[in-house]
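FYI, side chains are in, hydrogens and waters are out, and symmetry mates aren't considered; it's all heavy atoms of this structure. Everything quoted here is computed from the prediction, not taken from an experiment.
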Amino acid sequence: MKIFLMEDDLILNEIIEEHLLSKKHKVSTVFNGDEAEELLYSETFDLLLLDVNVPGTDGFELLDDLRQRDILTPAIFITSLDMVDDVERGFNVGCDDYLKKPFELKELDLRINNIKRLLKIENSEVLKVSDMVYIDKKNLMIMNKDKNTHISLKELNVLEYLLKNRGTPVSVEELSMNVWSYENAPVAPTIRTYIKNLRKVLGDDYITNIRGVGYRFN
């Protein structure tokens, strides 16, 4: 997983980063809300780990702003704020879990694995789409029956996001904000081109156009 960590405690930041790296995750770390905003609007991540009381924009405000912009990357608050009202606010602004300090690193692993399970975030280099179709992420290839077709990295990212939300309509805005960085969000015709290319490889039955909404992976 590609994980974003915002933690202003230098030692704890380093401990968490080293632990996540040991679990084969890719990690980007920042120490304040201003750095966080700069990075989160220029890159995409699989998971956000957010402290709340940090210099600049605090964790609650940061996540609230992300959610208002349709950036739905799963997020876990890791914070010493342990009152019920704090937990309630955390979930109200859109977090997926709330981990109170101090915590064991094993507990953090459990929370991360639970989010991966619930949101169907895959680590495997080969993803199963159906009994006939598989995705080779490492080699950017869709294996459909006996035919292997290369796709671009961005087409893979689009397909992965639709797969993660299989059966649920995904708007053009949501797809844009969660596959591209905020600063490089594409126009709707660009996304339609990616969808068209994927349909050519997969067949028309997998991705449905929901008029006025966006797309759904069946």
Side-chain angles (χ1 to χ4, degrees), residues 1-67 69-81 90-91 93-127 135 137-140 153-154 156-158 160-161 163-164 177-185:
M1 293 179 72
K2 185 179 179 183
I3 297 178
F4 173 88
L5 170 65
M6 180 175 72
E7 169 58 61
D8 69 332
D9 184 297
L10 180 61
I11 295 176
L12 182 57
N13 188 306
E14 185 175 336
I15 290 173
I16 295 174
E17 180 185 17
E18 289 182 356
H19 176 72
L20 294 174
L21 290 172
S22 74
K23 297 295 182 178
K24 308 304 181 184
H25 298 299
K26 298 178 181 178
V27 187
S28 295
T29 69
V30 299
F31 298 92
N32 61 65
D34 297 333
E35 292 177 333
E37 288 180 322
E38 182 176 347
L39 190 56
L40 288 173
Y41 293 138
S42 62
E43 294 187 32
T44 58
F45 295 88
D46 297 315
L47 177 66
L48 312 179
L49 301 179
L50 304 175
D51 190 6
V52 175
N53 288 331
V54 297
T57 305
D58 71 36
F60 288 150
E61 294 172 347
L62 176 64
L63 186 60
D64 189 32
D65 187 57
L66 292 173
R67 296 302 188 241
R69 297 174 186 265
D70 283 330
I71 298 176
L72 305 179
T73 308
I76 302 176
F77 281 123
I78 48 173
T79 175
S80 58
L81 298 179
F91 281 103
V93 298
C95 78
D96 298 270
D97 206 344
Y98 195 102
L99 183 57
K100 300 174 183 178
K101 298 177 182 177
F103 57 86
E104 298 288 338
L105 291 172
K106 183 176 181 180
E107 183 178 1
L108 176 61
D109 291 338
L110 293 172
R111 304 293 184 103
I112 292 174
N113 289 335
N114 188 53
I115 284 181
K116 287 170 60 179
R117 178 182 62 84
L118 291 175
L119 301 182
K120 300 179 177 64
I121 299 173
E122 299 282 353
N123 271 341
S124 173
E125 295 294 346
V126 177
L127 302 181
I135 304 168
K137 294 169 58 177
K138 183 177 180 180
N139 295 303
L140 297 176
L153 178 58
K154 195 57 67 177
L156 171 64
N157 296 152
V158 169
E160 278 192 290
Y161 192 82
L163 269 172
K164 188 169 66 175
M177 289 297 98
N178 288 276
V179 174
W180 282 263
S181 67
Y182 178 73
E183 295 175 345
N184 298 314

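- Nearest heavy-atom pair across L47 and T73 is N-CG2, 3.8 Å.
- Considering OH of Y161 and CG of L156, their distance stands at 15.0 Å, rounded to 0.5 Å.
- Annotation: side chain of L49 is in contact with side chain of L108 (closest heavy-atom distance under 4.5 Å).
- Proximity of V158 to W180: side-chain heavy atoms (C-beta onward) are separated by under 4.5 Å at one or more points.
- Looking at residues two or more places apart in sequence or on another chain, you find a side chain to side chain contact (heavy atoms under 4.5 Å, CB included) between D70 and E173, M177.
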Audit row: H19, K23, side-chain contact (heavy atoms from CB on, under 4.5 Å) steps and yes/no = CA-CA 7 Å; H19 176 72; K23 297 295 182 178; 3.6 Å; yes

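- With a 4.5 Å cut-off on side-chain heavy atoms, L163 and I135 count as touching.
- Atom CD of E107 has more than 12 heavy atoms from other residues, nucleotides or ligands within 6.0 Å.
- A donor-acceptor pair is defined here as one N or O able to donate and one able to accept, closer than 3.5 Å; such a pair exists between the side chain of N113 and the backbone of D109.
- Surrounding CG of L153 are more than 12 heavy atoms belonging to other residues, nucleotides or ligands, all under 6.0 Å away.
- Of the possible polar contacts, one joining the N13 side chain to the E7 backbone as a donor-acceptor pair under 3.5 Å is found.
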task = Take R67 and D96 through the salt bridge (Lys or Arg N to Asp or Glu O under 4.0 Å) test and state the conclusion after the steps.
result = CA-CA 12 Å; R67 296 302 188 241; D96 298 270; 3.5 Å; yes

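- Nearest heavy-atom pair across S28 and L39 is CB-CD2, 3.9 Å.
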inquiry  = Let's go through I15 and L105 carefully: what are the C-alpha distance in whole Å and the side-chain angles of both, what is the deciding distance for side-chain contact (heavy atoms from CB on, under 4.5 Å) to 0.1 Å, and is it a yes or a no?
reply    = CA-CA 9 Å; I15 290 173; L105 291 172; 4.1 Å; yes

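- Note that CD of E38 and CD of E43 are 10.0 Å apart. Values are rounded to the nearest 0.5 Å.
- Atom CG in L50 sits 12.0 Å away from atom CG in L99 (nearest 0.5 Å).
- With sequence neighbours excluded, the residues that form a side chain to side chain contact (heavy atoms under 4.5 Å, CB included) with D8 are D51, V54, P55.
- For the pair D9 and I11, the tightest heavy-atom approach, listed with the atom from each and the gap, is OD1-N, 3.0 Å.
- In this view, N53 satisfies the side-chain hydrogen bond (donor to acceptor under 3.5 Å, both in side chains) rule with no residue, not counting sequence neighbours.
- Scanning all heavy atoms of the two residues, the minimum distance from I115 to P74 falls at CG2-CB, 3.8 Å.
- One finds the CG atom of L66 at 8.0 Å from the CD atom of E37 (value rounded to the nearest 0.5 Å).
- N178 places a side-chain N or O within donor-acceptor distance of the main-chain N or O of L72, the cut-off being under 3.5 Å.
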key: K26/F45 under side-chain contact (heavy atoms from CB on, under 4.5 Å): CA gap, chis, key distance, verdict   = CA-CA 9 Å; K26 298 178 181 178; F45 295 88; over 6 Å; no

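- The residue from N114, I112, I3 that alone fulfils the side chain to side chain contact (heavy atoms under 4.5 Å, CB included) condition with I76 is I112.
- Cation-pi check for R111 over F103 is not met; the charged atom does not lie both under 6.0 angstrom from the ring centroid and within 45 degrees of its normal.
- One distance of note links CD of E160 with CG of D46; it measures 8.0 Å at 0.5 Å rounding.
- In this structure, CG on L140 lies 12.0 Å from NZ on K154, to the nearest 0.5 angstrom.
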request  = Kindly indicate, with the supporting measurements, whether the criterion side-chain contact (heavy atoms from CB on, under 4.5 Å) is fulfilled by D65 and T57.
outcome  = CA-CA 10 Å; D65 187 57; T57 305; over 6 Å; no

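- In this structure, L62 and A36 approach most closely via the heavy-atom pair CD2-CB, 3.7 Å.
- Residues T79 and F60 fail the side-chain proximity criterion, which asks for heavy atoms closer than 4.5 Å.
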